[in-house]
Every structure is written in structure tokens, then in C-alpha cells.
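Not measured: the values here are computed from a predicted model.
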Amino acid sequence: MFIKTYAYCRVSAADQHEDRQLDAMAELNIPQSQIFVDKQSGKDFNRIKWQELVRKLRPGDLLYVKSIDRLGRNYEEILNWWRILTKGKGVDIAVIDMPILDTRNGKDLMGTFLSDIVLQILSFVAQNEREAICKRQAEGIAAAKARGVHLGRPIKKPPENFGEVVRLLERKKITLSSALKQTGLKQATFYNRLREYRRGNKRN
């Protein structure tokens, strides 16, 4: 049976770089064609390259990852996939930054027990870190909103002739299509600015 060595790398976003992970794989002389890279969140395993890799893995193959959080950040799913690959597919996994997580070593009961404990702890830490990041992001967004900071796309302000165009539209002197053309606004934006305009006039 011909055994192959694969590597899996992951970064969370398209603008992040996987260079450190690739450098580690290069030192192991893993062929480029057998290195799979996803640029996607680690919240689940619905990733194109991960799924492609899993389909290629055969019993006896070896899979390298730089660290456990490169596999993912969901505690239960990391453990589930670890069992699928090692027990279901008969694949060995080696975590470069954590030598104890190398299924080629410690095949006896004690070795398996120790690696299982370490795996569970690290998976739990990875998920906690992800949840902490999400919480900090949510708190940051809430604090920004409380300060009146607008998040998302900048609001497009109505042109100076907006009031005149609205009056003509209400008097049926022009069509909606003409109003959109004269203001340079899309229909949804036009109606949003129209609601704001009418609220402003009511207060006045």
C-alpha cells in the first residue's frame, strides 16, 4: 500500500497569509499538490479544500497541521473529525506545534489516553478563544452604536434638489423613474431618504 503525506493549512480571511504554515510544511518536503489551504473561518468544517482533502485520504496516510486551531475552532467538531480520520479512515495526524498530538506515537493505551486528554483541552481552548473574539466584536459594535457611530456602508445623503423633487413627485408632476434619475438615488435609498425627509418636516 502506497502511503501519502498531506498537509492542511487554514487562515480565517482572504487577506491573511498562510506563509508560516506553508514554510513548516516545506521543511517536511510535502509536495505542493498535497498541501490543502482554506481561507475561511474555523467555526465549522464546511470548507472546500478540507472536504477535498478528506476525499483523498486513505488508510495509512499521514496528515500534518501546524497547530490544532488550524483544524478549526469548534470544540465538538474538532474532536468529531479527529475520530473520523483516525478511527474511521485509519489516517495518522501530526500536529507540528504539539508533538504529543501525533497518532504515530503512543499507540498503547496510556499514549492514546494522554493524547486524547491534550486534544480535548486544546480543542476547548480553541473554541473559547473564538467565542471570546466574537464577544469582543459584539461588545465593540454595541459600544460604537451607543456613541452614534454608523457601522456598515456610508449613508448616501440626498442631493440639494431632493425637497423640490419630492414636491414634484407628490403633485404627480414627475414619475418615480424621473425622480430617481434627478436625485441619482436607487429606489430603496430614495424611499429611505424620503422617510427621513418627511419625519424632519413633521418635527418642523
* Are Leu53 and Val11 connected in a single hydrophobic cluster, I mean Ile/Leu/Val/Met/Phe/Trp/Tyr linked by side-chain heavy atoms less than 4.5 Å apart? -> no
* Counting N and O atoms only, with roles assigned by atom type, does the side chain of Thr5 sit under 3.5 Å from a partner on the main chain of Leu62, one being a donor and the other an acceptor? -> no
* Under 4.5 Å between side-chain heavy atoms, hopping through other hydrophobics if needed: is there a path connecting Trp50 to Leu101? -> yes
* Check Asp23, Asp19, Asp97 against Lys66 for a salt bridge (charged side-chain N to carboxylate O under 4.0 Å, His left out) and give me the one that passes. => Asp97
* For residues Leu176 and Tyr191, determine if any side-chain heavy atom of one lies less than 4.5 Å from a side-chain heavy atom of the other. => yes
* Asked: Would Leu28 end up clustered with Leu57 when hydrophobic side chains under 4.5 Å apart are linked, directly or stepwise?
  -> no
* Given side chains that start at C-beta, do those of Val54 and Phe45 come closer than 4.5 Å, heavy atoms only? -> no
* Audit row: Glu52, Arg55, salt bridge (charged side-chain N to carboxylate O under 4.0 Å, His left out) steps and yes/no -> CA-CA 5 Å; Glu52 186 180 329; Arg55 287 194 294 270; 5.2 Å; no
* Heavy-atom closest pair, residues Glu18 and Lys39 -> OE1-CE, 3.2 Å
* Rounded to the nearest 0.5 Å, what's the gap from OG1 on Thr175 to CG on Leu180? Could you check? => 8.0 Å
* Asked: Is the closest side-chain heavy-atom distance between Asp38 and Lys49 below 4.5 Å?
  -> yes
* Side chain to side chain, Ile174 and Gln182, heavy atoms closer than 4.5 Å -> yes
* **Arg195 and Asn192 side chains, donor-acceptor separation under 3.5 Å** => yes
* Asked: Under 3.5 Å, side chain of Arg10 to main-chain N/O of Asp69, donor-acceptor pair present?
  -> yes
* Should the heavy atoms of other residues, nucleotides or ligands under 6.0 Å from CD1 of Ile48 be counted, would the total exceed 12? -> no
* Looking only at heavy atoms, which two atoms of Tyr6 and Ile30 are closest? And how far apart? -> O-CD1, 4.1 Å
* Structure fact -> Rounded to the nearest 0.5 angstrom, the CG-CH2 distance for Leu71 and Trp81 is 11.0 Å
* To do: Answer yes or no: is there a side-chain heavy-atom contact under 4.5 Å between Leu63 and Asp61?
  => no
* If you count the non-hydrogen atoms of other residues, nucleotides and ligands that lie under 6.0 Å from CD in Glu160, is the total more than 12? -> no
* **Reported SG-to-CZ distance for the pair Cys9 and Arg20, which is rounded to 0.5 angstrom** => 11.0 Å
* Is the closest side-chain heavy-atom distance between Leu169 and Ser178 below 4.5 Å? -> no
* **Non-hydrogen atoms of Tyr197 and Gly163 that approach each other most closely** => OH-CA, 3.5 Å
* Is the closest side-chain heavy-atom distance between Ile96 and Met25 below 4.5 Å? -> yes
* Asked: Looking only at heavy atoms, which two atoms of Ile3 and Gly60 are closest? And how far apart?
  -> CG2-O, 2.8 Å
* Asked: Could you state the interatomic distance from CG (Asp44) to CD (Glu76), rounded to the nearest 0.5 Å?
  -> 13.0 Å
* To do: Would you give the length of the straight line joining atom CG of Leu194 to atom CD of Gln187, rounded to the nearest 0.5 angstrom?
  => 11.5 Å
* Asked: Applying the 4.5 Å side-chain criterion to the ILVMFWY set and letting contacts propagate, would Ile100 and Trp82 be lumped into a single cluster?
  -> yes
* Structure fact -> Rounding to 0.5 Å, atoms CD1 (Ile35) and CD (Gln21) come to a distance of 10.5 Å
* **Atom of Tyr8, atom of Arg47 and distance for their closest heavy-atom approach** => OH-NH1, 2.9 Å
* To do: Measure across Ile78 and Ile68 and return the closest heavy-atom pair with its distance rounded to 0.1 Å.
  => CG2-CD1, 4.1 Å
* Consider only side-chain heavy atoms of I, L, V, M, F, W and Y, link residues closer than 4.5 Å, and tell whether Met98 and Leu85 are in one cluster. => yes
